[in-house]
Number of protein chains: 2
Amino acid sequence: MKKPEEQFLDYLARKRLKNTSQRMTILKAFLRQKSHLSTEDFYLQLRKKHPGIGYATVHRTLKLFSECGIASERNFGDGQMRFEVNLGNEHHDHLVCTDCGRIIEFEDQQIEKLQRDIAHKHNFFIKDHRLELYGLCSDCHATGQQSVS
Amino acid sequence: MKKPEEQFLDYLARKRLKNTSQRMTILKAFLRQKSHLSTEDFYLQLRKKHPGIGYATVHRTLKLFSECGIASERNFGDGQMRFEVNLGNEHHDHLVCTDCGRIIEFEDQQIEKLQRDIAHKHNFFIKDHRLELYGLCSDCHATGQQSVS
DNA sequence: CACGATATTGAAAACGGTTTTCAACCTATA
DNA sequence: TATAGGTTGAAAACCGTTTTCAATATCGTG
């Protein structure tokens with residue numbers, strides 16, 4: 001498994017794209033954050049340290065990350081695109097707290113297996129999948145109190 | 001289990017909302033279609049027979065369906081909101097063909113069970129979930145040919 | 001049945017996030 | 001270092017969703 005930096009540089013070379021300071025800055029910041037930030041949030045975060053980098057560049061660079069395989073686009077249905085670092089090998093899914101926004105990752109080989117079975121039954125070739133459980137995380141339902149808004 | 005029409009009328013009464021001809025027209029059209037149409041597509045479809053009904057009304061009425069429980073909002077990550085009729089009782093998930101757009105429904109009690117197990121392990125209270133498998137349906141990968149576009 | 005309070009409608013505008021445009025500016029290569 | 005061609009940031013365009021608003025329809029009441 002190649003390191004993300006290499007993977008990105010290789011991709012740039014292969015596509016005859018250029019290695020710019022902005023792209024490197026964004027790459028470093030992206031690898032450092034381990035959360036599931038929306039483009040907007042990531043941009044705001046980045047802007048604190050690097051006010052010169054524009055939103056368009058951030059957006060374009062995140063898409064490059066996705067294209068070269070070091071990131072995945074996620075969409076939790078809140079109208080914002082999110083990018084997450086592709087760490088390992090294993091696919092993982094998400095628990096999304098609808099109260100505080102916390103996102104918990106999990107993986108389950110049994111579920112993955114059942115998904116393959118279903119695809120097979122329908123003669124369907126799976127390219128990707130997503131599984132998200134929406135609800136209240138331990139912090140938000142523990143005490144019985146819920147947001148009243 | 002109440003019939004969808006009743007369920008909707010009850011909801012209107014309960015909320016002191018009014019029973020208008022547009023709402024009834026949209027309800028009938030919505031129950032007739034069994035697909036997973038986007039608001040846009042549903043509106044275009046409806047407009048053929050009922051040119052007088054505006055997009056805003058369609059949109060607002062579909063949201064009412066969702067609120068009163070006879071419809072569910074779906075989001076397959078293509079930037080369009082989709083509504084589907086809530087037929088029965090059982091939750092179901094989707095196979096989405098990325099080539100022809102076909103959507104196949106399925107349900108699997110084992111997967112549902114595993115999801116509950118995972119939620120329990122994380123002390124997470126599930127309100128909703130979604131599982132989508134993206135790939136090629138039997139028609140689109142059977143012959144080995146893929147869209148070239 | 002007619003009235004009047006209030007909800008609803010359709011068109012257009014506003015909105016919010018994403019994507020494109022474009023002129024100025026870099027980067028890589030020779 | 002010259003140059004061709006990719007990149008940048010700001011602003012505008014875009015696209016689906018949501019709101020606004022004046023005109024209209026509905027429903028409970030007198």
Side-chain angles (χ1 to χ4, degrees), chain A residues 8-30 36-68 71-83 101, chain B residues 8-30 36-68 71-83 101:
Chain A
F8 183 52
L9 292 175
D10 285 1
Y11 183 76
L12 293 182
R14 188 150 23 93
K15 289 264 191 171
R16 307 265 186 280
L17 302 176
K18 289 174 178 167
N19 179 353
T20 67
S21 68
Q22 288 94 332
R23 282 176 179 166
M24 286 308 114
T25 302
I26 294 169
L27 177 59
K28 276 190 218 136
F30 182 65
H36 301 73
L37 290 182
S38 64
T39 310
E40 180 77 18
D41 290 344
F42 179 66
Y43 165 68
L44 291 175
Q45 189 95 1
L46 188 77
R47 200 171 61 172
K48 291 180 197 163
K49 297 262 180 180
H50 305 276
I53 299 182
Y55 182 91
T57 301
V58 170
H59 171 262
R60 286 183 285 227
T61 306
L62 288 174
K63 296 222 105 176
L64 283 179
F65 294 166
S66 177
E67 286 166 28
C68 79
S72 294
E73 293 185 28
R74 295 282 170 189
N75 173 345
F76 293 136
D78 62 352
Q80 305 231 146
M81 189 172 293
R82 288 159 193 281
F83 290 85
Chain B
F8 184 54
L9 292 174
D10 285 1
Y11 182 76
L12 293 183
R14 190 152 18 95
K15 289 264 190 170
R16 307 268 185 278
L17 302 176
K18 291 173 180 169
N19 179 353
T20 67
S21 68
Q22 288 93 332
R23 282 176 178 165
M24 287 308 115
T25 301
I26 294 169
L27 176 59
K28 277 191 218 134
F30 181 66
H36 301 73
L37 291 182
S38 64
T39 309
E40 180 76 18
D41 290 345
F42 179 67
Y43 165 68
L44 291 176
Q45 189 94 1
L46 188 77
R47 200 172 59 173
K48 290 179 198 165
K49 297 262 182 181
H50 305 276
I53 297 182
Y55 182 92
T57 301
V58 170
H59 171 262
R60 286 184 285 227
T61 306
L62 289 174
K63 298 222 104 175
L64 282 180
F65 294 166
S66 177
E67 286 165 28
C68 78
S72 293
E73 292 185 30
R74 295 282 171 188
N75 172 347
F76 294 135
D78 62 351
Q80 306 231 145
M81 186 172 294
R82 288 160 193 281
F83 290 85

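It should be emphasised that the depicted structure is a prediction, and the values quoted were computed from it without experimental measurement.
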Between [X] (side chain) and [Y] (backbone), is there a donor-acceptor pair under 3.5 Å?
| X | Y | value |
| --- | --- | --- |
| B:Arg82 | B:His36 | yes |
| A:Thr57 | A:Ile53 | no |
| B:Arg23 | B:Lys18 | yes |

Has B:Tyr55 got a side-chain N or O lying under 4.0 Å from the OP1 or OP2 atom of C:dG10?
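Looking at the OP1 and OP2 atoms of C:dG10, neither is under 4.0 Å from any side-chain N or O of B:Tyr55.
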Separation between [atom1] of [X] and [atom2] of [Y], rounded to the nearest 0.5 Å:
| X | Y | atom1 | atom2 | result |
| --- | --- | --- | --- | --- |
| B:Asp10 | B:Lys15 | CG | NZ | 14.0 Å |
| A:Gln80 | A:Asp41 | CD | CG | 6.0 Å |
| A:Lys49 | A:Thr25 | NZ | OG1 | 12.5 Å |

Atom [atom1] of [X] and atom [atom2] of [N]: how far apart are they, to the nearest Å?
| X | N | atom1 | atom2 | value |
| --- | --- | --- | --- | --- |
| B:Lys18 | C:dA7 | NZ | C1' | 4 Å |
| A:Met81 | D:dG16 | CE | P | 14 Å |
| A:Asn19 | D:dT8 | CG | P | 10 Å |
| B:Tyr11 | C:dT8 | OH | C1' | 15 Å |
| A:Gln22 | D:dT8 | CD | C1' | 6 Å |
| B:Leu12 | D:dG28 | CG | P | 12 Å |
| A:Leu64 | D:dG6 | CG | P | 14 Å |
| A:Lys63 | D:dT8 | NZ | P | 16 Å |

Earlier contact from the 5' end, DNA chain C, for B:Ile53 and A:Thr20:
B:Ile53
Upstream residue (5' side of DNA chain C) when B:Arg23 and A:Gly79 are each assigned their closest nucleotide:
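With B:Arg23 and A:Gly79 compared, the 5'-side residue is B:Arg23.
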Of the options C:dG17, C:dT6, C:dT19, whose atoms approach the side-chain atoms of A:Gln80 most closely?
C:dG17
Can you tell me which nucleotide in D:dT18, D:dT8, D:dT7 comes closest to the side chain of B:His59?
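Ranking D:dT18, D:dT8, D:dT7 by closest atom to the B:His59 side chain puts D:dT18 first.
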Heavy atoms only, 4.0 Å cut-off, all strands: where does B:Lys15 land among base, sugar-phosphate and nothing?
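The residue B:Lys15 makes no contact with any strand.
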Using a distance-only criterion (donor-acceptor N/O pair, under 3.5 Å, no hydrogens), is the base of C:dG10 paired with the side chain of B:Arg60?
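Flag set: donor-acceptor pair detected.
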DNA chain C contacts among residues 37-52 of chain A, heavy-atom distance under 4.0 Å:
none
Aromatic centroids of B:Phe83 and B:Phe42 separated by under 6.0 Å
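No, too far apart.
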Using the closest heavy atom to pick a nucleotide of DNA chain D for each, name whichever of B:Ala56 or B:Leu17 lands nearer the 5' end.
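Counting from the 5' end, the first nearest nucleotide belongs to B:Ala56.
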